[in-house]
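Working notes, beginning with the structure itself.
Letters A, B, ... are given to chains in the order of the sequence lines, protein chains preceding strands, and every chain is numbered from 1. For the numbers below, each heavy atom of this structure counts, side chains included, while hydrogens, waters and symmetry mates do not.
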Amino acid sequence: MSIQTDPVPSRIVDPAAEGTVRARIAWRGPVLYLGTALVALVFFGLLTPSSETTRFMVATRDDMVQIAPFAVPSQATALVLSVLALGLAAWATWLTVQRRRVRTWVPLTFGGLVLLAFLVWVMAGNSNALPLTVLLTGALTLSVPLIFGALSGVLCERSGIINIAIEGQLLGGAFLAVVVASLTDNPYAGLVAAPVAGALVGLVLVMFAVRYWIDQIIVGVVLNVLVIGVTNYLFSTVLTQNPERLNSPPRLPTLPIPVLSEIPVLGPVLFKHSLVVYLMYVAVAVLQVMVFRSRWGLRMRAVGEHPKAADTVGIKVNRTRVINTVLGGAVAGLGGAALVSAGLAFTKELTSGKGYIALAAMILGRWSPKGALAAALLFGFADSLRQVLNNLGSPVPSQFLSMLPYLATIFAVAGLVGRVRPPAAEGIPYTK
Amino acid sequence: MSTTDTLVAPSAKPSTPEGPAGPGVLQRVLDASWLTIVLAILLALVASSVLIAAANAEVQAAAGYFFSRPADMLGAAWDAIYSAYSALFRGAVFDYEAEGVRRVRPITETMTASVPLILAGLGLAVAFRSGLFNIGAQGQVLMGAAGATFVGITYDLPIVVHVLLSCLAAISVGALWAGIAGFLKARTGANEVIVTIMLNNIAFYLVSFLLTTTLLRQGGTRPISPEVAGTSLMPRMLGLQFRLHWGFVVAILAAVLVWWLMERSVLGFQFRAVGANQRAARTAGIRVNLVFVLVMLVAGGLAGLGGAMQILGTDRTLQASSAGSIGFDAITVALLGRSKPVGTVLAALLFGALRAGSPLMQTSADTPIDIILVIQASIVLLIAAPVLVRELSPLHRAAQLFGYRMKEARA
């Protein structure tokens with residue numbers, strides 16, 4: 001989170017300076033694209049036995065529209081996919097050499113192609129068909145807590161408060177959601193209670209940051225430990241004494257959206273979920289508009305970038321920060337409720353580092369709700385892929401599948417995102 | 001994040017305490033940092049005792065008729081709190097119920113538990129002071145432990161050489177693992193917070209995988225390594241009845257070395273300059289990117305050595321969970337020690353005491369071990385906020401009657 005100051009922007013060239021001073025070509029992108037494409041070509045394309053086939057399944061048994069599982073020849077498909085990826089990589093390289101901008105869809109399509117090639121390779125000769133809808137539904141469900149967590153990070157950090165305590169907010173939210181839902185036997189009560197716990201953690205964080213000027217990273221890390229300690233302690237004393245009454249929450253019911261949920265493939269993946277997933281759609285859309293297009297968002301960003309200027313025009317800097325951090329905590333608390341929405345009982349350290357992953361998703365998504373959504377979906381997908389492949393059996397050891405999301409992040413952060421710029425006043429307490 | 005020297009964030013300027021006549025004796029004593037630390041620890045224990053009492057079954061039963069006989073509940077609460085903390089003390093410092101030399105065993109256990117915390121905490125302290133927020137001690141400790149275990153179980157070497165080589169392997173593996181984050185930061189600007197968090201998870205799965213291969217498992221079915229050879233064990237310091245090993249001395253020496261590095265050497269000056277202001281350091285001709293890599297190598301090497309001590313000193317076998325929570329505790333240790341060597345050692349001893357004492361507290365007072373996390377977190381939070389401690393402390397409140405001015409205290 002330290003502020004990166006690189007005077008030479010890597011890809012953008014000032015047109016006025018063309019011909020006199022030229023920015024250095026950033027070779028990092030091309031090298032990464034070409035290297036990955038070559039690996040895909042050799043590993044997934046050429047090393048797949050030509051006699052094998054890969055089977056895909058795009059509908060589950062209870063879908064409205066039934067599509068039969070289909071099979072493709074593994075080697076040919078993987079070859080076609082990786083040659084396409086190589087072509088895309090070559091084009092991106094050419095663009096870079098020409099000092100032209102590589103648009104966002106290029107890495108996305110490239111990633112998709114390599115991923116498909118990987119799936120074809122990994123499932124080659126497997127007697128089971130790869131259930132694509134299950135894979136995608138799982139990806140969405142697993143990423144919901146991360147998305148809420150990352151949105152919380154956006155809300156706090158855009159106003160200048162570093163929120164490392166996402167982990168604690170998720171965990172607190174999950175804990176309270178489980179206990180309240182179990183006590184009232186109503187899953188929606190848990191959904192209402194969870195943001196309260198998250199907001200409380202947010203409030204402590206921002207009070208220490210704004211009132212006592214303590215390094216926000218320290219408060220965040222310590223608050224995570226505190227929430228882990230308190231929930232662990234309450235779990236092993238109170239919850240284990242009376243698990244039927246306190247730790248058996250009902251499941252949040254699935255509410256398929258009429259018509260939309262009957263679209264083949266996309267319907268069950270996107271529109272056959274519980275309320276908390278639809279809340280996530282709304283939250284991302286609303287925040288994306290509010291942060292960049294509303295007066296509230298402009299003020300928040302002003303406070304995060306240049307609090308003195310914001311104060312000069314009459315914006316209450318510390319009040320904005322307090323409100324945003326508490327709101328952010330509530331959003332992350334909702335993520336905690338999403339984590340246990342399937343009727344999970346609470347266990348010690350249920351979140352197991354998801355808050356830190358959400359933090360990474362927020363940075364990867366460059367402090368925007370849209371980007372956070374994309375990055376969190378990437379993590380969710382990798383996690384879902386691990387689960388599906390573990391069930392079906394694959395040539396890759398399960399530990400490496402578990403590493404995938406983390407490796408993908410390092411590649412993304414080092415290879416594509418590079419130097420990101422956090423809000424300028426992040427982590428610095430404001431005093432007049 | 002540029003300064004972790006003081007726990008207060010960069011632009012928080014302390015208001016000057018100097019009045020026209022200078023601060024009086026009362027003001028100076030009450031604003032002393034040692035008093036804040038003692039009070040913070042006491043307040044943290046008080047806060048945690050609320051939880052201990054609240055979760056106690058007898059207290060809950062007595063609370064049912066609190067208004068008819070309040071003394072019952074208060075008595076039960078006192079019993080619960082007293083038995084928990086006295087067990088903690090007996091487990092961590094001095095066991096007055098034991099016989100003979102076993103009475104001092106707890107304090108040696110505290111020292112043993114603090115060894116990996118000191119080393120990993122020192123590594124983090126170096127990184128924090130250089131402006132790198134390294135959250136990756138967990139992975140570095142685990143990789144170091146794996147390196148030490150590999151040498152410990154694979155080679156057949158004479159006694160001193162084997163220990164040295166095992167430690168050297170741990171230092172290099174830990175340094176390389178942290179070096180990845182430093183290198184990526186230097187070359188591509190990748191945020192070290194993200195990369196080190198990711199490396200923690202990758203290290204866990206990598207070691208889990210290696211434990212299923214012949215490299216670390218060498219026979220057997222469970223994902224656990226065989227015991228390291230006797231020649232590679234850290235020798236015991238006080239005979240076989242105590243687990244305390246010479247790793248404690250190694251850790252203290254490492255603290256002295258880190259002090260020298262950061263305070264007396266040119267390299268350490270460059271580290272601190274980068275931590276204080278990257279742009280100024282670059283302008284002054286310091287190769288900031290090289291410093292990033294070197295800092296992470298030093299931090300990772302120290303954390304890796306901490307991992308080696310855990311295996312060669314106490315555990316003897318490696319599991320994927322061998323690092324426990326050492327890496328994350330080390331973050332709080334370094335923060336509590338204000339990223340200074342002496343402070344880190346003292347903070348590690350405190351956390352080591354909590355670790356060593358908690359099992360006895362769980363068995364004899366029936367207070368779950370998890371309360372330790374609450375105590376640790378409260379202590380660090382309070383020590384970081386001296387103003388809050390003074391506001392909460394009855395001592396300072398009372399002193400206001402005698403002319404103590406809280407507002408003028410140093411932040």
Starting at [atom1] of [X], measure out to [atom2] of [Y] and round the result to the nearest 0.5 Å.
X	Y	atom1	atom2	result
Leu234(A)	Phe175(A)	CG	CZ	4.5 Å
Ile369(B)	Ser358(B)	CD1	OG	3.5 Å
Cys156(A)	Ile164(A)	SG	CD1	11.0 Å
Arg129(B)	Phe271(B)	CZ	CZ	11.5 Å

Q. Can you name the residues that form a salt bridge (charged side-chain N to carboxylate O under 4.0 Å, His left out) with Arg355(B), not counting sequence neighbours?
A. Asp329(B)

Go through the atoms of [X] and report whether side chain, backbone, both or neither lie under 4.5 Å from a heavy atom of chain A.
X	value
Thr212(B)	side chain
Ile372(B)	neither
Leu206(B)	both
Ser208(B)	both
Leu184(B)	side chain

Q. Is the distance between the ring centroids of Tyr205(B) and Phe400(A) less than 6.0 Å?
A. no

Q | Side chain / backbone / both / neither for Val230(A) at chain B, heavy atoms under 4.5 Å | A |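 Interface part for Val230(A): both.
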
Q: Flag the pair Lys308(A) and Asp311(A) as a salt bridge only when some basic side-chain nitrogen lies within less than 4.0 angstrom of an acidic carboxylate oxygen.
A: no

Q.
Tell me whether Lys354(A) is salt-bridged to Glu349(A), with the criterion being a basic N under 4.0 Å from an acidic carboxylate O.
A.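 Here Lys354(A) does not pair with Glu349(A) in a salt bridge, since their nearest N and O are not under 4.0 Å apart.
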
Q.
Under a 4.5 Å cutoff for heavy-atom pairs, which residue among Thr231(A), Asn224(A), Asn232(A) has the most contacts with chain B?
A.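 Most heavy-atom pairs within the cutoff with chain B belong to Asn232(A).
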
Q: Go through Phe208(A), Tyr356(A), Phe235(A) and name the one with the most non-hydrogen pairs under 4.5 angstrom from chain B.
A: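 Option with the greatest count: Phe208(A).
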
(Q) Under a 4.5 Å cutoff for heavy-atom pairs, which residue among Ile371(B), Val374(B), Leu388(B), Thr332(B) has the most contacts with chain A? (A)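 Highest number of pairs under 4.5 Å: Leu388(B).
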
Q: Verify whether one side chain among Gln169(A) and Asn163(A) offers a donor that lies under 3.5 Å from an acceptor in the other.
A: yes

**Q.** Residues in residues 195-203 of chain B that sit under 4.5 Å from chain A, counting heavy atoms only
**A.** Val195(B), Ile197(B), Met198(B), Leu199(B), Asn201(B), Ile202(B)

Q. Between Lys185(B) and Phe292(B), is NZ or CZ placed under 6.0 angstrom from the six-membered ring centre and within 45° of the ring axis?
A.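 The answer is yes; both the distance and angle limits are met.
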
